[in-house]
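Have a look at the structure below before the remarks.
Side chains are part of it too, since the values below use all heavy atoms of this structure and drop only hydrogens, waters and symmetry mates. Small disclaimer: the values here were computed from a predicted structure and weren't measured. In what follows, every chain begins at residue 1, and chains take the letters A, B, ... in the order their sequences are listed.
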Amino acid sequence: VADRLPEHRPAATPATGADRPAGALGQGEHLPSNEELETYDRRLDRTVFSAMKSLGIGYLLLVGFLSLVVLAALLTWGYQTWRGIGLGGQRRPPFWGIYISSFVFWIGISHSGTLVSAILRVLNVEWRRPLTRAAELMTVFALSIGGLFPIIHLGRSLKFYWLMPYPNERQIWPNFHSPLLWDMLAIFTYITASSLFLFLPLIPDLAAARDRISGIRRPIYRILSLGWRGTQQQWDRLHLAMRIFTIVVIPIAVSVHSIVSWDFGMTSQPGWNSTIFAPYFVIGAIYSGIAALMTVLVLVRRGLHLEDYITLKHFDRMGKVLLAVSLVWFYFFFANELTQWYSGNQTTRIIGEMMVHGQLAWLFWPMVVFCLVVPFATLWFRRVRTSMIAMLIISLVINAGMWIERFLIVVGSNLRNYLSFDWGTYSPGWPEVVICSATFAAFALLYLIFSKALPLISMWEVKEGWREDRWREEGLLEPEAELPVEGAATELPAGAGL
Amino acid sequence: VSGQFIAAKVEGEQGVLRAMRALMNAGVPRKNVEVLSEVPLPHRLVLGKMRSTRLLYWTVAGLLAGLGMGVFFAIITVFLYPLDVGGQGVLVPPALVIIYELTMFSIVGATFTGLVVEMAPWRTARRPYWPDVPDGGTYVVVEQPVDFVAARIAKLLEDSGAELVQVEEAAG
């Protein structure tokens, strides 16, 4: 399947650096001239800004519908807070229900945005450029939603601040050694880092929006663009800050899902007390996050007409990554299950049997099919990886499977304990179903709203990528760029081929 | 530094290089020259890296502050607010998790604060800017050095092929 060439490009594809090693021009490729670059730049500007300005009737209807769903969930949450958490299906022993399953799921979804973006930046992968913004936005929205679930789950949500460390009249200091407090700190750190990691490369694009978009949005862009003028000093500082954030945000992302897993792993509950839980959760989070990113990219590409920038080659590569991660996830899944089964622990074995051929089998086997069989059977084929409809379905199926996997871990393991008097069943109450379902609407709503407020493609990074090959070819990116700041008159560079 | 600016619009990357060479050859200090562009330009093109930055100091300060916060919350408060939590000691592995998270939080917070302080948005409003920069407009802006007259800098820029857009002469 041939990639679609942007209409504005000539038949011989100009090099963008996205498809090959530096300096190795493919057949029929040429380095873009200044005129060509100017044409690409302006076309990218028009595409991105027209997407931000247009408000079609379909868009407004969708936003209205999703807003109603979210409103219904907020009212349900209020009702649950008023009547009490007993409205849901959480009864001992399964004291953690689908709220916590959804919490783990959304934190997992949040993982891949920032993490994938940071890893691609560290590795200087050229094709990352049009994808990073959409991925980073996904992290911030998913984290905002995921972070709400422990508060919803509290029942008395207004008392959530009791978790926070502050001296108080009760003379009780929060126990910092509790994994629940680690959770709060980790999520707070991650959402701060992810938001700033999203914001930094947005600054030049916000300045572009400031100079192009009028009305009520302009003063907001003016404030957010932090006085950006595009001086080389500002670019250098931005690059340095982004390098620091890129390095710092990767261990933060890994720590967050490790800590979420330790909420379970630190207990002596059969099925949870596993040393492999942290890496198993991290890889599961990356897996579901990449799948969610695929879903988002398919929809954003189609909805905002970004076909020229988010190309089939991107999906081809992301599909390969998804396939590889699915296999790594299966390795951890199998290692965890095998070790637990072989331990001979009677309760652990009962939980395993319940999943394989007991009351949870109707969830377990679909999970295996969704998370393992479907990607393994399909993603080997380029034809599938470059089909938008196929990738949309596969990514949705994988995430359905990953939600079930979270449910089986959180609730399934909780149904059986060492003593049989502590065994039970679980079925979610209607408030749980309404609130958890509505979070998907909330995610879509946030994305729709911000697609009109922010450029969903990092314009300056794409433009920089278009130029980098030529600069490299002309020797402008050579390391001997360091020159004396003053008195440079006697030590000019050789002309750098210009 | 006079606070007066001479600015010229240049054509493409070669225009930047010609203007920068003309200015540097004439002895205009590099720190007085700014290049405004839509995308970051290679250092070889703008003849030099940025002036000194303290951003890394902010990062290191954040790291140290975060470590301090982490030690305070995870270890010192255990002594300040004694609470028996099932026989755990004071220096236990969970303390490392808290110290780690607070350190990371502090690093990102301090680095971002440092960036905002260094970019000083409250000062840039007084400096020259043209709204066509995001549309590809590239400008070379010279903050007039005390030992140069504006007309000479303007001539250097014009001779290099740039189009003058702003010439301010320092008073006196």
Side-chain angles (χ1 to χ4, degrees), chain A residues 34 38 41-42 45 165 171-173 175-177 181-182 185-186 188-189 192-193 196 200 207-208 211-212 226-227 229-241 244-245 248-249 251-252 255 259 460 463-464 467 471 475-478 481-486 488-489 492-493 496 498, chain B residues 12-14 17 21 24-27 29-31 34-51 53 55 59 73-74 77 81 83 85 88 92 94-95 97-98 100-102 104-105 107-109 111-112 115-116 118-121 124-125 127 129 131 133-136:
Chain A
N34 278 337
E38 179 68 18
D41 290 351
R42 301 292 74 83
D45 292 345
Q171 292 292 302
I172 294 172
W173 189 260
N175 174 16
F176 276 89
H177 295 174
L181 198 59
W182 308 349
L185 275 178
F188 189 63
T189 300
T192 306
L196 296 176
L200 289 181
D211 296 337
R212 287 197 181 88
L226 300 178
R229 295 164 60 232
T231 67
Q232 300 312 301
Q233 177 102 350
Q234 287 180 325
W235 284 117
D236 284 349
R237 282 185 178 135
L238 184 68
H239 271 139
L240 179 59
I244 295 169
F245 266 77
V248 170
V249 88
I252 292 178
S255 77
I259 286 174
W460 69 269
K463 292 172 187 172
E464 185 189 38
R467 286 160 172 79
W471 289 340
L476 288 169
L477 300 179
E478 295 300 316
E482 291 191 38
L483 295 165
V485 169
E486 292 186 54
L492 294 176
L498 288 173
Chain B
E13 293 155 9
Q14 296 194 39
L17 191 60
R21 278 179 163 176
M24 298 298 107
N25 281 330
R30 177 64 184 83
K31 66 183 172 69
E34 282 182 334
V35 180
L36 279 58
S37 62
E38 178 186 22
V39 292
L41 297 173
H43 293 129
R44 283 182 76 86
L45 205 59
V46 293
L47 305 188
K49 278 191 172 179
M50 65 175 166
R51 283 171 267 175
T53 171
L55 203 51
T59 305
F73 283 121
T77 60
Y81 298 86
L83 187 67
V85 286
Q88 277 192 2
V92 288
V97 179
I98 296 295
Y100 173 83
E101 289 299 333
L102 284 172
M104 291 306 208
F105 176 75
I107 286 174
V108 295
T111 304
F112 181 71
L115 180 71
V116 173
E118 292 223 324
M119 284 176 57
T124 53
R127 301 184 76 84
Y129 179 71
V133 170
D135 287 325

Winner by heavy-atom pair count (cut-off under 4.5 Å) against chain A, out of Asp135(B), Thr59(B), Leu102(B)
Asp135(B)

Can you see which heavy atom on Glu38(B) is nearest to which on Trp460(A), and at what distance?
O-CB, 4.2 Å

Using every non-hydrogen atom in the two residues, find where Val39(B) and Lys463(A) come nearest and quote the distance to one decimal.
CG1-CB, 3.6 Å

Gln234(A) (side chain) donor-acceptor with Gly227(A) (main chain) under 3.5 angstrom:
yes

When the 4.5 angstrom heavy-atom criterion is applied to Glu464(A) and chain B, the contacting part is both

Heavy-atom side-chain proximity of Trp182(A) to Ser255(A) below 4.5 angstrom:
no

Chain B contact via Leu226(A) - which portion, at a heavy-atom distance below 4.5 Å:
both

Does any backbone or side-chain atom of Arg229(A) lie under 4.5 Å from a heavy atom of chain B? Answer side chain, backbone, both or neither.
both

Pick from Pro134(B), Pro121(B), Pro40(B), Pro131(B) with the largest number of heavy-atom pairs that fall under 4.5 Å of chain A
Pro40(B)

Top residue by heavy-atom pair count (under 4.5 Å) with chain B, among Ile259(A), Val249(A), Leu196(A)?
Leu196(A)

Is it true that a side-chain atom of Trp235(A) and a backbone atom of Gly230(A) form a donor plus acceptor pair closer than 3.5 Å?
yes

Among Ser37(B), Gly136(B), Ala120(B), which has the most heavy-atom pairs under 4.5 Å with chain A?
Ser37(B)

Go through the atoms of Leu115(B) and report whether side chain, backbone, both or neither lie under 4.5 Å from a heavy atom of chain A.
side chain

May I ask you to test the Thr53(B)-Leu240(A) pair for a side-chain heavy-atom distance under 4.5 Å?
yes

Is Val97(B) close to chain A through its backbone or its side chain, or both, or neither, when contacts mean heavy atoms under 4.5 Å?
side chain

Using every non-hydrogen atom in the two residues, find where Ala193(A) and Val108(B) come nearest and quote the distance to one decimal.
CB-CG1, 3.9 Å

